Amino acid sequence: MQFEYEIKYSKRKTLNITVERDRKIIVRAPENTSTQKIEEVLQSKKQWLKEKINHTQKYPVDTQTKEFISGETLLYLGKNYQLLVVDEAIEGVEFEQRFRISKANQPNANALFKQWYLHQALKLIEPLATNFAKNLGVIYNEFKTSEMKYRWGSCTPANNIIFNWRIIKAPMYVLEYLVAHELVHLMENNHTPRFWNILSIQVPNYLKAKKWLKENGHLLEVDF
Ligand SMILES: [Zn+2]
């Protein structure tokens, strides 16, 4: 069986194969690995890969889009907040226990909310990263937000940490877990017992966060 896959070379020592939530196969390999070697490993794991790829959809596909009308709710930090569309002039999005936008802004509400969520993501996630990096004694290069829908976070060989801005919809303890997770990867590349051990010290309730993601992860695949 032939697989389509993407190779990401890095300074790592071992070869690692993952199937992303969009069913894409990612091979993380040491820099000098030959394509032949990668093909061999893929073939040796073909049963496992086949099962992963053919696995029935983990989550229902949420095709519902927001209309940005009064009474709709939007998810933020794990809670649903109501939207109110008002006649008065409001610049952008106002948030205080509920969201408020001007009727005049309704046509571009999608862009305004995205801007608001992105801003909150930067404001709330970056301090978490600074804090966990300090606690762990690791240094990251750059903090970025991204559009990737099927990954919550990642770290690059250049020690950049990248987060899907939509994770701001998850509760704070989930954000803490996701941020700490990527930073622990700067110490330990793979999900070894050592990795989970270090992580559990930083985020003692990480299992609760993983559970939230398992049950609600699909909510982070749509914008609002
Ligand atoms: Zn990981």
Side-chain angles (χ1 to χ4, degrees), residues 6 8 18-26 28 52-53 55-68 72-83 92-93 95 97-99 101 109-132 140 142-156 160-185 191 195-196 199 202-224:
E6 186 187 323
K8 290 185 176 173
T18 51
V19 179
E20 301 290 293
R21 297 165 73 245
D22 55 357
R23 292 169 200 193
K24 203 160 91 186
I25 301 170
I26 308 272
R28 293 184 176 78
K52 275 265 184 185
I53 294 164
H55 200 278
T56 46
Q57 190 89 20
K58 263 186 191 167
Y59 307 108
V61 181
D62 195 344
T63 48
Q64 210 185 359
T65 48
K66 292 275 182 254
E67 288 173 82
F68 301 101
E72 254 181 350
T73 57
L74 289 110
L75 188 61
Y76 175 58
L77 293 177
K79 281 190 197 146
N80 275 308
Y81 292 97
Q82 239 181 26
L83 172 67
V93 173
F95 176 69
Q97 291 316 309
R98 56 182 161 190
F99 289 105
I101 57 165
N110 201 77
L112 287 176
F113 269 103
K114 189 166 169 190
Q115 204 178 38
W116 189 87
Y117 273 76
L118 264 171
H119 181 75
Q120 304 305 315
L122 284 171
K123 204 171 83 182
L124 296 176
I125 302 169
E126 195 163 21
L128 290 179
T130 312
N131 205 28
F132 282 122
Y140 63 86
E142 242 190 291
F143 170 92
K144 292 177 189 171
T145 53
S146 93
E147 282 294 332
M148 51 188 180
K149 276 192 179 172
Y150 300 100
R151 298 199 73 183
W152 300 312
S154 61
C155 58
T156 72
N160 293 325
I161 49 167
I162 305 166
F163 294 97
N164 177 345
W165 62 267
R166 297 172 194 83
I167 65 170
I168 200 72
K169 292 161 71 181
M172 200 57 175
Y173 69 90
V174 176
L175 293 183
E176 285 169 359
Y177 160 70
L178 290 172
V179 173
H181 184 119
E182 293 313 322
L183 287 167
V184 174
H185 273 317
H191 298 138
F195 174 91
W196 294 112
L199 185 70
Q202 296 302 319
V203 187
N205 63 350
Y206 77 99
L207 286 174
K208 192 180 155 203
K210 284 181 82 170
K211 187 167 176 267
W212 190 95
L213 285 166
K214 206 174 165 194
E215 287 164 3
N216 304 287
H218 63 284
L219 298 173
L220 307 182
E221 286 174 11
V222 287
D223 286 358
F224 310 113

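Note that the structure is a prediction, hence the values are computed from the model and not measured.
With hydrogens and angles ignored, the 3.5 Å screen pairs a side-chain donor or acceptor of N216 with a backbone N or O of W212. Side chain of K66 to backbone of L74: no donor-acceptor contact under 3.5 angstrom is found.
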Walk me through it: do Y140 and T130 pass the test side chain to side chain contact (heavy atoms under 4.5 Å, CB included)?
CA-CA 9 Å; Y140 63 86; T130 312; 3.6 Å; yes

Would L175 and I167 count as a side chain to side chain contact (heavy atoms under 4.5 Å, CB included) if you check the C-alpha gap in whole Å, the side-chain angles of each, and the deciding distance to 0.1 Å?
CA-CA 7 Å; L175 293 183; I167 65 170; 3.7 Å; yes

Please report the C-alpha distance between R28 and I26 in whole Å, then the side-chain angles of each, then the deciding distance to 0.1 Å, and finally whether the side chain to side chain contact (heavy atoms under 4.5 Å, CB included) criterion is met.
CA-CA 6 Å; R28 293 184 176 78; I26 308 272; 3.9 Å; yes

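In terms of heavy atoms, A180 sits closest to V203 at CB-CG2, 3.5 Å. Of all the heavy atoms in E215 and H218, the pair that sits closest is O-CE1, 3.4 Å. Nearest heavy atoms, H191 versus F195: CD2-CE2, 3.7 Å. Here the closest non-hydrogen pair linking N164 and L220 is ND2-O, 3.8 Å. Closest approach of E182 to C155, counting heavy atoms only: OE1-N, 3.3 Å. In terms of heavy atoms, G217 sits closest to W152 at CA-CZ2, 4.0 Å.
Between F224 and T73, the closest side-chain pair of non-hydrogen atoms is not below 4.5 Å.
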Please list every donor-acceptor pair under 3.5 Å in which a side-chain atom of residues 111-126 meets a protein atom from a residue at least two apart or in another chain.
residue	atom	partner	partner atom	Å
K114	NZ	E147	OE2	2.5
Y117	OH	L75	O	2.6
Q120	OE1	Y76	OH	3.3

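For the atom pair CG of N205 and OH of Y177, the computed distance is 11.5 Å after rounding to the nearest 0.5 Å. Expressed to the nearest 0.5 Å, how far NZ of K169 lies from CG of N80 amounts to 9.5 Å. The distance from the CZ atom of F132 to the NE2 atom of H181 is 13.0 Å, given to the nearest 0.5 Å. For the atom pair L83 CG and F68 CZ, the distance stands at 8.0 Å (nearest 0.5 Å). The distance from the CZ atom of F143 to the CG atom of L183 is 10.0 Å, given to the nearest 0.5 Å. Atom CG of residue L178 and atom CZ of residue R151 lie 11.5 Å apart, to the nearest 0.5 angstrom.
Sorted by first then second residue, the salt bridge (charged side-chain N to carboxylate O under 4.0 Å, His left out) pairs that include residues 170-180, not counting sequence neighbours, number zero.
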